[in-house]
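Worksheet for the structure shown next.
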Amino acid sequence: MSNYILEMNDISKSFPGVKALQNVSLKVKYGEVHCLMGENGAGKSTLINILAGLLEKDTGEIFIDQKPVSINNPHDAYRNGISFIFQELSVVDTLTVEENMTLGFESSYGSIVNKKENIKRVKNILQKLNIDILYNSYVGDLTVCEKQMMLIAKALSQDSKIIVMDEPTASLTNKETDELFKMIESLKEEGVTFIYVSHRFEDIFTIGDRITVFRDGKNAKDLIVKDTSEEEIIRYMVGRNIEDTFPKRNHEIGETILEVEKICAKELIKDVSFQLKRGQVLGVSGLAGAGKTELARALFGDNPIISGHITLKGQKINLNKPQDAIKSKIALLPEERRTQGIVGKMTVRENISLVVSNRLSKLCVINRKKDRQLAKKYIKDINVKTPTPEQIIRFLSGGNQQKAIIGKWLATEADIFLLDEPTRGIDIGAKSEIYEIINGLTKSGKAVLLFSSELPELLGVCDDIMVMNNGRLAGVLSNEEATQEEIMKLSVGGSDHE
Amino acid sequence: MNSRLNSRYLQRFMIIGILLVLCVVFAVMSEEFFTYINIRNILRQQSMVAITAAGATFVMITTGLDISVGSTIALSGVVFAKLVQGGMPLLPACLIAILVGGIVGLINASMIVGAKINPVIATLGSMYAVRGIAYLVAGGTTIANGLPKNFNVLGRGYIGPVPIPVVIMILVYIVFHFVLSRTLLGKYTYAIGGNKETARLSGISVAKVMVLLYVITGLLTGLSGTIMASRLTSGNPQIGTGFEFDVIIAVFLGGVSTTGGEGTIVGTFIGAMIVGVLSNGLNLLGVDPFYQYIIKGIVLVLAVMLDMALKGNGLSLKSLNKRILAKS
Amino acid sequence: MNSRLNSRYLQRFMIIGILLVLCVVFAVMSEEFFTYINIRNILRQQSMVAITAAGATFVMITTGLDISVGSTIALSGVVFAKLVQGGMPLLPACLIAILVGGIVGLINASMIVGAKINPVIATLGSMYAVRGIAYLVAGGTTIANGLPKNFNVLGRGYIGPVPIPVVIMILVYIVFHFVLSRTLLGKYTYAIGGNKETARLSGISVAKVMVLLYVITGLLTGLSGTIMASRLTSGNPQIGTGFEFDVIIAVFLGGVSTTGGEGTIVGTFIGAMIVGVLSNGLNLLGVDPFYQYIIKGIVLVLAVMLDMALKGNGLSLKSLNKRILAKS
Amino acid sequence: SKKEVKENTDNKEVASEKDNKKDEKKPLKIGVIYLTAEHPYYQAHAMHTQNYTAEKGIKLIELDGKVDQANMANQMENLVSQKVDGIIYCLLEGTAGSADINMAQEAGIPVITFAIKHDPKTADATFVGIDEKSAGALGGVEAANKFMAQFPDKKAKIAVIEMTGVSASTDRSDGFIEGFQSVITDAEVVVRLNGEGKKDKAMAVVEDAIQANPDINVFFGANGDQGLGALAALEAQGRGTIDTEIVISHDGSEPELLKIADPESALKIANANLPKDLAEATVDTILEIINGEREMKNTDDIFVPSAVITGDDIEAAQKFLKEQYNSDTQL
Ligand SMILES: Nc1ncnc2c1ncn2[C@@H]1O[C@H](COP(=O)(O)OP(=O)(O)OP(=O)(O)O)[C@@H](O)[C@H]1O
Ligand SMILES: Nc1ncnc2c1ncn2[C@@H]1O[C@H](COP(=O)(O)OP(=O)(O)OP(=O)(O)O)[C@@H](O)[C@H]1O
Ligand SMILES: [Mg+2]
Ligand SMILES: [Mg+2]
């Protein structure tokens with residue numbers, strides 16, 4: 001008798017032009033945290049979507065508690081005791097937190113909603129998980145991080161046997177991540193089983209029990225967490241060793257290119273001043289809601305500046321709309337890929353050349369040849385995994401969409417790059433490629449502002465790190481003096497002054 | 001503190017404000033406006049638009065649309081008259097006619113939900129086809145012969161001092177206000193409109209809900225059709241052209257947005273009343289029909305603009321909400 | 001290999017298939033259908049819908065809508081006739097009439113883009129107001145007196161064997177096909193329709209593009225209006241009711257989706273022709289008007305269903321496309 | 001109400017003459033519901049009604065029925081609630097009209113119907129109008145004679161362009177056909193088309209009809225715009241001259257007369273309603289009831305004759321235009 005709660009055997013799935021999964025199997029034991037790892041596009045989300053009944057599998061069988069099951073829609077999955085946190089945030093912005101969290105699982109008298117009971121349930125779970133969101137806020141008003149926490153809370157509250165999480169921590173900061181892990185531990189003790197997809201090794205080594213590694217849609221290896229190492233996992237994922245996630249930086253820091261003096265912006269930003277130099281990577285850290293994204297948007301003309309000055313290459317500039325910033329050679333890689341980064345129905349090529357189309361055109365007529373060349377160049381440079389430049393971007397894996405969008409902004413050949421969480425959802429190999437790209441940018445005299453909630457990344461890549469708290473600058477640390485503890489202290493400490 | 005409730009109250013309040021402004025303007029300009037009989041007339045005249053709009057509110061919250069309603073009231077009215085003419089008693093005839101509306105709704109749903117056809121095309125298609133069927137059922141002209149005296153009770157009768165269509169309208173609004181704001185169906189309607197994919201991922205049977213909403217709209221349109229036929233004491237196949245526009249205006253004025261996920265039944269009611277008061281008032285003032293077109297167009301747009309301005313450009317519903325939260 | 005092009009070709013091919021099926025059916029049933037004169041008639045009759053639909057395609061790709069077009073053709077036609085009646089030469093009068101259409105477009109845009117009013121309400125508002133203005137300009141009735149003989153050249157003249165409206169339509173389609181598929185404006189239109197927020201953050205001036213698109217639609221509608229007036233040899237304020245439906249049908253049949261970001265100019269052209277062939281064929285066969293309603297409704301829906309089935313439920317256009325890609 | 005008194009004295013003779021039953025100081029208030037405001041005939045009719053009531057010092061409340069019976073029912077309710085002294089009702093559909101009449105009469109308000117008759121089985125009221133059938137027949141006879149003169153060797157093939165589903169329109173067309181066939185018995189009705197009462201719609205359907213049946217040579221438009229639409233379709237095909245066919249319209253509005261006056265044009269005959277005579281007859285009749293000279297439930301039909309205008313007598317046409325449409329346009 002096997003002791004697997006879930007078995008997926010011989011699962012295959014192809015999309016036109018892509019064999020996403022080939023005879024993949026996954027065996028999950030009772031009460032473990034089972035991790036799925038693999039490069040972007042390896043097929044992790046596809047497998048999970050099959051389990052959720054969102055995609056139809058071409059071949060294969062699924063067993064739960066050793067019994068064969070057929071899952072044709074999400075409802076079937078819930079009935080079998082599985083709940084999900086999907087890779088793409090799935091919320092209804094126009095409903096409240098309580099309404100979202102109980103959606104599909106309402107307490108009711110017949111078909112009349114028992115509002116009181118629902119509110120009580122939601123309040124309870126939020127409190128239990130120590131999540132600081134009001135049950136009656138509109139979800140559209142929440143930050144990405146808060147939305148993610150809410151979805152986690154929803155999945156955890158469903159009394160499921162198996163909880164599947166596809167990159168739940170991609171948009172969380174350390175505090176929330178810790179909170180989540182505590183919760184997973186305690187549910188594990190109650191016998192809940194987890195399937196956990198992530199590109200973050202810290203996560204895997206903190207809570208994982210076993211790992212199934214995928215590579216190019218096939219099983220690469222099953223590993224036991226406590227007997228393996230980062231290097232071994234990477235080897236199975238990528239098929240080679242990655243020497244150093246954070247490539248060496250050895251280049252000159254040049255003259256000041258951007259000087260920000262005491263800017264206050266409409267949303268959140270107060271009295272922020274700093275200088276950015278050519279060749280510099282300046283990190284921006286802070287807890288969720290500290291104002292990282294607001295600062296990035298302010299510098300991109302998308303968060304109106306109320307007072308203060310911005311001086312670019314010695315000249316005062318006004319940034320009233322994104323066009324102004326783009327004209328001043330400032331680029332912003334936005335935080336939310338799906339809603340702000342891509343145009344889902346356009347091809348990869350069209351997405352990559354979107355910002356620079358006017359440069360590729362004469363008298364408003366787009367030069368197709370140049371357009372194609374540009375797309376090809378960036379697909380190659382950042383290694384976007386797509387069957388052709390003419391693939392509709394929506395059909396790429398999450399990480400590859402992100403890479404394509406990085407390509408879109410690199411194509412602008414801007415002087416200053418504002419990168420808001422650029423490696424969110426990106427695999428370890430691609431991450432180091434992106435760090436290489438950042439190095440390449442700075443080497444050629446450009447400057448980078450890296451807004452990130454991943455401290456190792458900030459420590460590994462940045463020359464200096466600014467720490468934000470509640471819209472203000474709480475402090476600046478040079479690479480030498482910065483440590484995770486130091487940054488955390490500044491992140492939370494600021495609130496004492498308020 | 002329940003801020004959702006608050007914001008909804010606010011929204012209602014604002015659109016009510018616009019209705020009141022219109023009423024005050026007309027009351028000042030015409031003595032006849034603010035009389036019991038005239039108010040009763042307005043309510044009765046708009047009852048059919050309002051009843052249909054109650055269903056359309058649900059459909060339009062999910063970003064659906066039904067422009068076949070104008071033809072459907074004609075068809076159900078004709079069926080009602082035809083059956084009564086053939087000797088069937090009023091009540092069963094009326095129920096069958098309402099059911100006919102439900103069937104049109106079901107056909108719309110099967111095209112939109114089943115065959116995934118764009119709702120505009122699907123209901124335009126049924127708008128044409130149903131109109132043709134209404135003519136055929138009626139044999140090309142009005143069905144007026146051999147209808148009993150009490151055929152007109154539904155449309156012209158009273159319960160106490162209140163016209164029956166108004167009573168029906170009020171009942172419909174009470175029921176559907178409850179359904180939208182308190183039941184699972186209402187919540188799922190908002191969820192589907194807000195994000196269909198999320199609704200599906202949450203295990204909601206989106207297709208079933210959508211079918212139900214189109215059928216409800218069809219049934220309510222069927223009800224409007226029987227009231228209309230009774231009011232006209234005949235089954236008229238050519239009736240109801242442009243009715244879909246009145247319904248759509250009422251729903252959008254009432255606060256449903258094109259992007260879906262928002263809107264209330266009370267808002268729609270007030271939207272329908274704004275339309276009714278506007279044309280009643282302009283007629284009372286004896287405004288030239290050509291100028292009526294112009295004024296109607298301008299007031300429509302102004303009402304929406306005013307509503308948005310009061311709400312702070314349609315966005316500050318949320319920011320208001322946030323401010324309330326911040327204080328709580 | 002340029003597969004985007006491919007997929008667009010495929011899409012066209014399928015909808016063309018439906019058009020051809022319709023043509024074959026009618027050709028078999030009526031000898032008169034497949035004659036030079038009849039084809040010429042169909043093209044000429046649909047030229048006005050098609051010209052307006054070319055602009056509406058852009059607007060609807062961005063998920064906008066313009067239902068004021070039916071009133072606008074009446075207004076621009078009336079203005080054209082009025083100016084010519086007043087002694088202005090044809091060309092400047094025509095240009096001014098077209099400009100009047102553009103102004104309506106500008107007003108629509110300022111409501112929708114500027115004041116952020118729901119496009120349905122905004123253009124319903126202008127639909128009413130513009131209709132009223134058309135009546136006022138015309139003094140309530142038809143402008144027919146004192147128009148020179150050559151007033152009808154634009155609508156009834158020929159260049160070689162081809163009617164002038166058809167020539168204009170072809171030119172409009174060549175230009176706008178080029179604009180949509182090859183220029184920045186076209187690309188921005190798709191981008192805005194696909195994801196407005198992304199478009200904005202990519203430095204596209206969403207507001208400017210949208211204004212331009214509504215103005216273009218207005219200008220093209222103005223052009224249709226002058227052609228219509230010239231065809232009727234009079235300025236008629238009451239014409240064009242239901243015109244907006246024909247335009248919307250053409251655009252949606254042509255492959256624009258309600259969610260935006262998709263659609264082609266060639267598709268719209270074929271959509272317009274399907275509508276034209278359908279009513280021409282039914283008229284040629286002398287089908288009773290009641291049955292015409294029914295058949296028109298059913299064929300509309302069937303056409304879309306067939307189109308979707310051929311494309312594999314609206315999705316496998318892409319999969320087909322991908323299959324082709326996979327081979328290349 | 002001093003103002004009202006003053007207004008009233010301006011029309012002293014008329015008012016005192018007529019207002020023997022009503023309060024001397026208050027002018028009469030009469031409501032009119034027109035079938036539509038968008039039609040040249042009704043515009044002329046409205047103009048004459050306004051002039052005539054102004055002469056008599058009557059306050060007029062005019063409403064646009066928008067060719068929509070439901071809308072008209074609303075407006076009847078509104079007029080009743082305004083307590084007008086009498087209503088002239090251009091309804092669209094007889095039975096529904098009857099119900100409205102009963103409602104008004106119960107409230108003590110007299111109603112007469114105009115143009116389209118209420119259902120006499122369900123309501124008792126006076127009707128003023130033309131006899132659509134005989135009017136149509138009159139034009140039919142005239143057209144048939146013209147046809148015989150013009151095309152002695154041809155078989156008459158008729159197309160009718162009407163508003164499908166509107167009874168007055170159908171009656172008119174039936175009358176035309178009857179009249180025509182009473183002269184040319186073998187005349188064939190080839191198609192009856194739905195022109196929706198509009199010029200653009202009529203043009204499109206006729207274009208298709210003559211494609212299917214190029215040998216149609218008599219076109220009857222059941223109103224002015226439909227006749228003109230048919231003519232426009234013919235002209236666009238290089239036809240539409242008196243050598244190829246004849247077109248008959250029903251209204252006698254200015255654009256029709258302009259065509260009739262053109263010796264080339266195929267539009268040679270218009271059945272013409274007389275808006276002035278009809279308007280005055282409706283006002284006179286409702287006043288008779290208000291003044292007690294006629295029972296509220298009197299069921300007379302008061303027919304005002306219609307005219308037939310042909311291209312043969314331009315002078316008469318010119319006079320008609322001036323009198324009925326108050327237009328100085330030279331034909
Ligand atoms: N709907 C689809 N249509 C076509 N191809 C698809 C579709 N969904 C996924 N794919 C392809 O299937 C492959 C596997 O994608 P999947 O999303 O499972 O990757 P993943 O392992 O989750 O990657 P990531 O870490 O980037 O999220 C990719 O090549 C992707 O392009
Ligand atoms: N005090 C506050 N009052 C109201 N809204 C706030 C407040 N603080 C933050 N917010 C909201 O929270 C969001 C700020 O989060 P933002 O995304 O800028 O944080 P961040 O520092 O970029 O963190 P992350 O991106 O990791 O979530 C904004 O949407 C803002 O409107
Ligand atoms: Mg994934
Ligand atoms: Mg952020």
Side-chain angles (χ1 to χ4, degrees), chain C residues 30-33 35 37-42 44-46 48 70 73-74 77 131 134-135 138-147 152 155-158 163 165 228-243 276 279-290 292-293, chain D residues 36-44 46-47 67 159 162-165 190-214 224-225 228-229 231-233 235-238 240 253-259 261-262 321 325 327-331:
Chain C
S30 159
E31 298 184 349
E32 280 90 14
F33 180 80
T35 60
I37 293 181
N38 193 48
I39 301 299
R40 195 182 67 184
N41 277 356
I42 297 175
R44 182 164 48 194
Q45 282 169 6
Q46 282 306 101
M48 288 148 290
I73 63 163
R131 176 72 62 190
Y135 274 109
T141 75
T142 308
I143 302 173
N145 190 20
L147 299 177
N152 68 10
R156 298 192 186 173
Y158 290 86
M228 180 71 95
S230 167
R231 234 168 99 70
L232 298 173
T233 59
S234 54
N236 297 51
Q238 66 278 72
I239 61 155
T241 51
F243 186 80
S279 51
N280 171 276
L282 293 174
N283 282 337
L284 283 190
L285 296 178
V287 176
D288 178 300
F290 307 148
Q292 283 208 18
Y293 278 122
Chain D
T36 171
E38 302 179 358
H39 194 290
Y41 170 80
Y42 277 96
Q43 285 158 2
M47 177 187 71
V67 206
E162 59 192 341
M163 289 169 83
T164 305
V190 182
V191 274
R192 295 182 77 144
L193 303 162
N194 186 3
E196 297 176 34
K198 304 249 164 90
K199 191 173 177 183
D200 54 338
K201 305 281 179 339
M203 181 177 183
V205 290
V206 171
E207 249 182 354
D208 293 339
I210 56 178
Q211 178 62 27
N213 303 287
D225 275 340
L228 289 167
L231 185 66
E235 285 172 357
Q237 300 297 329
S253 64
E254 182 176 318
E256 296 164 73
L257 296 189
L258 284 166
K259 286 293 181 186
D262 174 359
L321 195 58
Y325 282 84
S327 163
D328 292 322
T329 303
Q330 272 320 109
L331 296 176

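Numbers restart at 1 for each chain; the letters A, B, ... are given by sequence-line order, proteins then strands. Predicted model, so just to flag it, every value in this text is computed and none were measured.
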*asked:* Quiz question: by atom type and distance under 3.5 Å, do the side chains of Gln211(D) and Asn283(C) form a donor-acceptor pair?
replied: no
*Are the side chain of Lys199(D) and the backbone of Asn236(C) linked by a donor-acceptor contact shorter than 3.5 Å?*
no
*Among all residues two or more places apart in sequence or in another chain, which pass the salt bridge (Lys or Arg N to Asp or Glu O under 4.0 Å) test with Arg192(D)?*
Glu162(D), Asp174(D)
*Taking every heavy-atom pair that is under 4.5 Å apart, which of His39(D), Glu254(D), Lys201(D), Gln237(D) has the most such pairs with chain C?*
Gln237(D)
*Taking Glu207(D) for its side chain and Asn41(C) for its backbone only, find out whether a donor-acceptor pair lies under 3.5 Å.*
no
*Please answer whether the main-chain N or O of Gln238(C) pairs with a side-chain N or O of Glu38(D) as donor and acceptor at a distance below 3.5 Å.*
no
*asked:* Determine whether a donor-acceptor pair (N or O, by modelled atom type, separation under 3.5 Å) exists between the side chain of Asp200(D) and the backbone of Gly240(C).
replied: yes
*Taking the side chain as every heavy atom from C-beta outward, state whether Asn194(D) and Tyr293(C) have any pair of such atoms under 4.5 Å apart.*
yes
*Roughly how far apart are Leu232(C) CG and Leu231(D) CG, rounded to 0.5 Å?*
11.0 Å
*When rounded to the nearest 0.5 angstrom, what distance separates CG in Leu228(D) from OG1 in Thr233(C)?*
8.0 Å
*Go through Met228(C), Arg44(C), Gln292(C), Arg40(C) and name the one with the most non-hydrogen pairs under 4.5 angstrom from chain D.*
Arg44(C)
*asked:* Counting C-beta onward and ignoring hydrogens, is there a side-chain heavy-atom pair between Glu196(D) and Thr241(C) closer than 4.5 Å?
replied: no
_Given heavy-atom pairs under 4.5 angstrom as the criterion, report whether the side chain, backbone, both or neither of Ala236(D) touches chain C._
both
*If you tally heavy-atom pairs under 4.5 Å against chain C, which of Pro255(D), Gly197(D), Gly229(D) wins?*
Pro255(D)
*Side chain to side chain, Thr142(C) and Asp225(D), heavy atoms closer than 4.5 Å*: yes
*Tell me, for Arg231(C) versus chain D, whether the close heavy atoms (under 4.5 Å) come from the side chain, the backbone, both or neither.*
both
*Check whether Ser279(C) gets within reach of chain D through its side chain, its backbone, both or neither, counting any heavy atom under 4.5 Å.*
backbone
*asked:* So for Phe290(C), is it side chain, backbone, both, or neither that comes closer than 4.5 Å to the heavy atoms of chain D?
replied: side chain
*Partner chain C: residue of Thr164(D), Ile210(D), Asn213(D) with the largest heavy-atom pair count (under 4.5 Å)*: Thr164(D)
*Toward chain D, the part of Asn38(C) with a non-hydrogen atom under 4.5 Å*: both
